[in-house]
Engineer: 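I have a structure here, written as structure tokens, and I will follow up with some questions on it.
Below, chains carry the letters A, B, ... as their sequence lines are ordered, and counting in each starts from 1. All values below come from the heavy atoms of this structure, side chains included, with hydrogens, waters and symmetry mates left out.
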2 protein chains.
Amino acid sequence: MKKSSAEGKPERDGLNQRFCEVMDKKSPIEITLTERDESVTITQWVYQTLRSAVMNGQILPGRALTIRELAAILDVSPMPVREALRQLAAENALEIQGNRRVMVPRMTAMKFSELCEARIAIESHAAARALPYIDNDRLQQLRELDRCIDLAQEEGDLERISILNQNFHRALYTANPHQVTLPLIESLWLQLGPFMRLATSKLEEHYVIDRHNEAMRAIEKQDALALQLAISSDIREGFAFAATPELLHRFIEQSAAPVS
Amino acid sequence: MKKSSAEGKPERDGLNQRFCEVMDKKSPIEITLTERDESVTITQWVYQTLRSAVMNGQILPGRALTIRELAAILDVSPMPVREALRQLAAENALEIQGNRRVMVPRMTAMKFSELCEARIAIESHAAARALPYIDNDRLQQLRELDRCIDLAQEEGDLERISILNQNFHRALYTANPHQVTLPLIESLWLQLGPFMRLATSKLEEHYVIDRHNEAMRAIEKQDALALQLAISSDIREGFAFAATPELLHRFIEQSAAPVS
DNA sequence: AGTTAATGTTTGTGATCACATTTGATGTGT
DNA sequence: ACACATCAAATGTGATCACAAACATTAACT
């Protein structure tokens with residue numbers, strides 16, 4: 001089938017997750033590999049893998065991504081990589097330069113600010129639009145997620161906090177059965193990428209008011225304005241660490257490749 | 001030498017233009033073909049062609065699009081079609097079902113409403129964010145576009161009105177050099193697709209207040225709220241014809257494939 | 001006659017090959 | 001020593017082929 005190398009390559013045993021690192025001429029690229037479910041296409045698996053890598057900031061901005069290199073890392077043929085890259089580029093997770101080279105877009109302070117404000121504008125809108133559709137089941141689901149987040153916050157499990165926080169927002173917006181903005185919101189999440197993780201890590205320090213509880217009270221009262229305010233505050237305070245231009249600059253510089 | 005591929009520059013597709021119609025077992029599919037510039041990759045040309053076809057409502061929703069069929073129509077190999085389809089699907093212009101079949105998503109009254117409200121929320125935000133960056137050049141450019149729209153409106157050139165209207169909005173939002181919402185906005189435009197054209201056609205009948213002029217006065221005064229109001233009104237009144245559930249329903253039914 | 005099983009066709013997915021363009025290194029000239 | 005021309009390796013694009021799953025049609029059976 002797709003196996004062409006006669007070499008006894010290291011078998012993928014029950015280990016659910018491992019790391020693959022390749023030292024290229026440029027900078028090393030490290031991607032978390034997960035077991036591929038046979039029921040999903042290779043392209044989808046590659047897409048999800050690369051998406052996670054971008055979201056987790058495992059690929060540093062400015063680094064040129066080549067199809068063949070990624071194919072070698074993921075141990076697949078170039079074809080699925082090609083399609084996954086194009087899809088991610090269409091979602092603004094990756095950027096195709098004039099050279100037809102693909103890379104993670106570099107972050108700037110202004111762009112970061114714009115992304116945050118866009119998140120606030122769109123997500124508060126999505127929340128208000130979802131409000132009338134929230135039934136008891138959904139409310140209970142949101143409460144459960146909020147509880148889990150609190151739990152994860154006590155344990156300091158940043159990975160879990162980040163994912164659960166996304167799930168909370170997603171569960172809120174998808175209450176609207178005619179939802180059309182979630183793909184746009186997810187695109188913004190992707191572009192904010194590793195900074196969302198930084199946000200959650202800093203959130204633990206400050207441990208501000210639980211805006212999720214505030215949001216739920218607004219939902220119970222069917223108060224759209226209060227809900228929008230809660231969501232806006234949640235997002236804004238999530239990135240409060242970046243309010244200090246100094247800190248923001250440091251994070252951005254950290255992820256910025258040297259100007260070539 | 002260097003081509004900005006990501007830029008969707010408005011191409012004058014009025015020159016050599018012919019139609020290609022294919023009668024399949026199902027429903028006929030008719031796509032406007034334009035001359036392919038040699039400096040553009042085939043994939044990009046296919047992408048733009050299919051994108052225009054979707055935007056103009058030349059492909060009726062629910063119709064299954066197959067790679068080989070489109071490849072035959074466009075007289076290219078299946079490969080560029082495959083990539084273009086995936087890209088359009090990532091932009092929510094097309095929808096991939098579980099069957100791995102691709103089609104133009106069907107429109108519903110509620111979805112239409114959600115798309116309009118999303119447009120208003122995001123575009124008024126983008127307008128406000130662009131306001132501080134609008135200089136004299138940009139203002140003059142907007143005035144010129146507004147003038148052209150008025151001209152086209154007198155001539156009743158719907159095609160031209162639609163394109164110029166998009167250009168006006170684009171020119172406004174892109175004044176912000178750190179713009180991040182334009183791709184999201186264009187995704188919404190794509191999803192509204194043929195209805196934007198219907199909107200302009202109906203607009204001619206009513207010929208409401210020129211909201212573009214109102215927007216420009218707001219810009220001159222640097223009045224963000226007034227600008228947001230003008231943009232919101234422009235969008236809402238553009239789809240005012242759909243305010244009547246009866247009319248909206250007729251348009252949607254018109255483009256809805258029979259339930260299979 | 002209506003439902004189900006079997007079969008031939010179509011379609012998406014993935015792999016491999018060919019080629020033009022770009023990249024990066026090497027060598028040359030002033 | 002530095003700028004420029006030259007050349008080889010690498011890369012994206014596009015085409016073609018192979019195959020399994022899905023589809024549509026036909027045949028068989030209750």
Engineer: Under a 4.0 Å threshold between the charged nitrogen and the carboxylate oxygen, would A:E186 count as salt-bridged to A:R51?
Structural biologist: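 Between A:E186 and A:R51 there is a salt bridge, with a charged N closer than 4.0 Å to a carboxylate O.
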
Engineer: Which residues pass the side chain to side chain donor-acceptor pair (under 3.5 Å) test with A:S52, sequence neighbours left out?
Structural biologist: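 With neighbours one apart ignored, the set is empty.
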
Engineer: Rounded to the Å, how far apart are B:R82 CZ and C:dT13 P?
Structural biologist: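 These atoms are roughly 7 Å apart.
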
Engineer: Distance check needed: D:dA21 C1' versus B:R100 CZ, whole Å only.
Structural biologist: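 B:R100 atom CZ is separated from D:dA21 atom C1' by 7 Å.
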
Engineer: List in chain and number order the residues that pass side-chain contact (heavy atoms from CB on, under 4.5 Å) with B:N92, two or more places apart in sequence or in another chain; answer none if no residue qualifies.
Structural biologist: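 B:N92 satisfies side-chain contact (heavy atoms from CB on, under 4.5 Å) with A:P183, B:S187, B:Q191 only.
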
Engineer: Within this structure, what is the CD-to-C1' distance between B:E83 and C:dG12, rounded to whole angstrom?
Structural biologist: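 After rounding, the reported distance stands at 14 Å.
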
Engineer: Between A:R101 (CZ) and C:dT21 (P), how many Å, whole number?
Structural biologist: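 Rounding to the nearest Å, CZ of A:R101 and P of C:dT21 are 16 Å apart.
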
Engineer: Just how far, in rounded Å, is P of D:dA20 from CD1 of A:I42?
Structural biologist: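 Answer to the nearest Å: 13 Å.
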
Engineer: Tell me the interatomic distance from A:L65, atom CG, to D:dT11, atom P, rounded to whole angstroms.
Structural biologist: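 To the nearest whole Å, that distance equals 12 Å.
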
Engineer: Select one nucleotide: of C:dG14, D:dT16, C:dT11, the one nearest the side-chain heavy atoms of B:S77.
Structural biologist: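 Of all the options, the side chain of B:S77 is nearest to D:dT16.
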
Engineer: Would you indicate, yes or no, if D:dG14 has its OP1 or OP2 atom less than 4.0 angstrom from a side-chain nitrogen or oxygen of B:T43?
Structural biologist: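 Yes, because at least one side-chain N or O of B:T43 sits under 4.0 Å from OP1 or OP2 of D:dG14.
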
Engineer: Specify the residue among B:I67 and A:R68 whose closest nucleotide of DNA chain C lies further upstream toward the 5′ end.
Structural biologist: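 Closer to the 5' end of DNA chain C: B:I67.
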
Engineer: Between A:R86 and A:E91, does any side-chain N to carboxylate O distance fall below 4.0 Å?
Structural biologist: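 No.
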
Engineer: B:N99 CG to D:dA24 C1': how many Å, rounded?
Structural biologist: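 These atoms are roughly 14 Å apart.
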
Engineer: Atom CD of A:E38 to atom C1' of D:dA21: distance rounded to whole Å?
Structural biologist: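 Atom-to-atom, A:E38 to D:dA21, this comes out as 15 Å.
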
